[in-house]
Amino acid sequence: MEPHILSAKPCTFYLFSCILLIFAFLASFASAAIHYHEFVIEAKPVKRLCRTHSTITVNGQYPGPTLEVRDGDSLVIKAINKARYNVTLHWHGVRQLRNPWADGPEYVTQCPIQPGRSYTYQFTIQNQEGTLWWHAHSKWLRATVYGALIIYPKLGSPYPFPMPKREMPVILGEWWDRNPLDVLKLALFTGGAPNVSDAYTINGQPGDLYRCSSKETAIYPVEAGETILLRIINSALNQELYFGVANHKLTVVAVDASYTKPFTTNVIMIAPGQTTDVLLTADQPPARYYIAAHAYNTANAAFDNTTTTAILEYESAHYSAKGGKYLKPIFPQLPGFNDTATATAFTAQLRSPCKVKVPIEIDESLFFTVGLGLINCKNKNSPRCQGPNGTRFAASINNVSFVFPRSTSLMQAYYQGQPGVFTTDFPPVPPIQFDYTGNVSRGLWQPVKGTKLVKLKFGSKVQIVFQDTSIVTVEDHPMHIHGYDFYVVGSGFGNFDPKNDPAKFNLVDPPLRNTIGTPPGGWVAIRFVADNPGIWLLHCHLDTHLPWGLATALLVENGVGKLQTVQPPPLDLPQC
């Protein structure tokens, strides 16, 4: 509005502005919806790879239901446990402001939902849009208990990219030709590494390259010339993946429900827990093209080296002209399993769309070594010591191997002032400095077990550097923080140099994420403001590493007033 109008009729203008603001405020509430769902968690017969298993599902679906909401909407989801295992559900990437009770990790923000019991998760989406997902957060139940959570912009708010003709979720997963919980149980008993998966899946289907699978291969129909949005989610338990579509370019427009500067690529690397939104234009000759994913492996360890496929099918090329037979799909070129250069180049291209407010003056500077370890056994021939050289596998952050409580949850103990459940003396730096990515003395391989939390003041500006180590093996560890997004300001290989590396940080337009991998034998730095009170799990999203102890939790204290204070727990919060 012109300045002279402001000065000519100030009272009228401000009255009109106030009316508009009131209408906008009321409209925002009117457009927000409440979505009610019932998630029945129970075993159902699921056939894959020629065999039928009694598989834990939600509402009989594998993968589970897709949730579709808009920014500002609320969800009320009653989880009814009809399975024989304890279970919780986690809404991966949802900020859950002041509401840790709805976050879901067992023994962290709640006790598990016991068989025959239920719990209602209630939360509101606040200033988030894009692709997230939900999954079980109890042992290895998330191998089959997971689904997409799609957050559309508020009504009237467009995407910051051309509107796609259609949108499709692409949920990448892992399948074991046995009960995944039995696989975990055996590994935890022996102390060795668990058996790797037998297949990868796209929307629950392994695809054409596996036995007894080609009839159910997922099909993505497309018309020539149209642009579609693929919402890619890596729900695999233990494996980073390379993903591509034969002969088609992918334009990355968002990661972890945060928009990015668009860039074009032939392949993406996506870690467990992460999401990536890509635009694909059907600009190739009408045919059938494989959508494919296989492992990106960074550890000196066994891995599933199979390839899952779906099919991008041009509607005008369903059949060949000869005898009505299906056209044979064209296969994409994916990087080698150990191609770290391609993964690094892909991650380096991620940027926020414009300049963002990155914390500059840091209040809490934390340096976390993350990696594996070994627990020495008195009897190396014991059936419980089947790790390398008669040991048991472990994992740690700053040499603390995290132990989850069992009699209550961390958040319940904190809220009720119950002593003896945890301490807040987590080391901000490694207790011993060493050449983290070099030849590490075997005397440093055995971590110390403990339930130690990181205490942060509300509003503090936090920097965490995650440093991979070469203990046992270097590895890309996808680190996830519940209740928070964070800016990824820098990364590199070798040991982090606190004197010189910060000068190279991107403090202008770093990407905003909720899960980020440590480069194998390297480091990654993140920054965020501790503006969400409660206890929030920080852990590696390779589920093999979580029971081994590669975790801690952030205890963010309450601030001032109701809007900076954890809300009271719901009445139906499960008890241990």
Applied to residues 533-553, the salt bridge (Lys or Arg N to Asp or Glu O under 4.0 Å) test, sequence neighbours excluded, yields Arg142-Asp543

Residues at least two apart in sequence or cross-chain that pass side chain to side chain donor-acceptor pair (under 3.5 Å) with Asp468, listed by chain then number, are none

Next on the checklist: Which residues pass the side chain to side chain donor-acceptor pair (under 3.5 Å) test with Lys261, not counting sequence neighbours?
Outcome noted: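 Result, side chain to side chain donor-acceptor pair (under 3.5 Å) vs Lys261: Asp509.
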
By salt bridge (Lys or Arg N to Asp or Glu O under 4.0 Å), which residues pair with [X], not counting sequence neighbours?
X: Lys452; result: Asp425
X: Arg406; result: none
X: Lys185; result: none
X: Arg513; result: Asp256

Show the atom names and distances, to 0.1 Å, of all donor-acceptor pairs under 3.5 Å that link a side chain in residues 365-376 to residues at least two apart or in another chain.
{"from": "Thr369", "atom 1": "OG1", "to": "Asn398", "atom 2": "N", "distance (Å)": "3.3"}
{"from": "Thr369", "atom 1": "OG1", "to": "Asn398", "atom 2": "OD1", "distance (Å)": "3.2"}
{"from": "Asn376", "atom 1": "ND2", "to": "Gln446", "atom 2": "OE1", "distance (Å)": "3.1"}

Taking atom types as modelled and ignoring hydrogens, do the side chains of Ser409 and Tyr414 form a donor-acceptor contact shorter than 3.5 angstrom?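 No - no donor-acceptor pair under 3.5 Å links their side chains.
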
Is Arg84 atom CZ crowded by more than 12 heavy atoms from other residues, nucleotides or ligands, each under 6.0 Å away?
->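 Not buried by this count: 12 neighbours or fewer within 6.0 Å.
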
>> Does atom CG (Asn305) have a neighbourhood of more than 12 heavy atoms from anything else shown, all under 6.0 Å?
In response: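 Enclosed.
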
Is the His135 ring parallel, tilted or perpendicular to the His541 ring (thresholds 30°, 60°)?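 Because their plane-to-plane angle is over 60°, the rings of His135 and His541 count as perpendicular.
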
Contacts under 3.5 angstrom, residues 426-439 side chains, donor-acceptor by atom type, not counting sequence neighbours:
{"from": "Asp435", "atom 1": "OD1", "to": "Gly438", "atom 2": "N", "distance (Å)": "3.3"}
{"from": "Asp435", "atom 1": "OD1", "to": "Asn495", "atom 2": "ND2", "distance (Å)": "2.8"}
{"from": "Thr437", "atom 1": "OG1", "to": "Asn495", "atom 2": "OD1", "distance (Å)": "2.9"}

| message | Looking only at the aromatic ring of each residue, does the gap between the centers of Trp134 and Tyr121 stay below 6.0 angstrom? | response |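 When the ring centroids of Tyr121 and Trp134 are compared, they turn out to be at least 6.0 Å apart.
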
- Message: Between His482 and His539, is the ring centroid distance below 6.0 Å?
- Response: yes

| Heavy-atom distance under 4.5 Å between the side chains of Trp445 and Val472, does that happen here? |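 In short, these two side chains touch, coming nearer than 4.5 Å.
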
Going by the rule ring pair (Phe, Tyr, Trp, His ring centres under 6.0 Å), which residues pair with [X] if we only count those two or more places apart in sequence or in a different chain?
X: Tyr85; result: none
X: Tyr210; result: none
X: Phe337; result: His294, Phe303

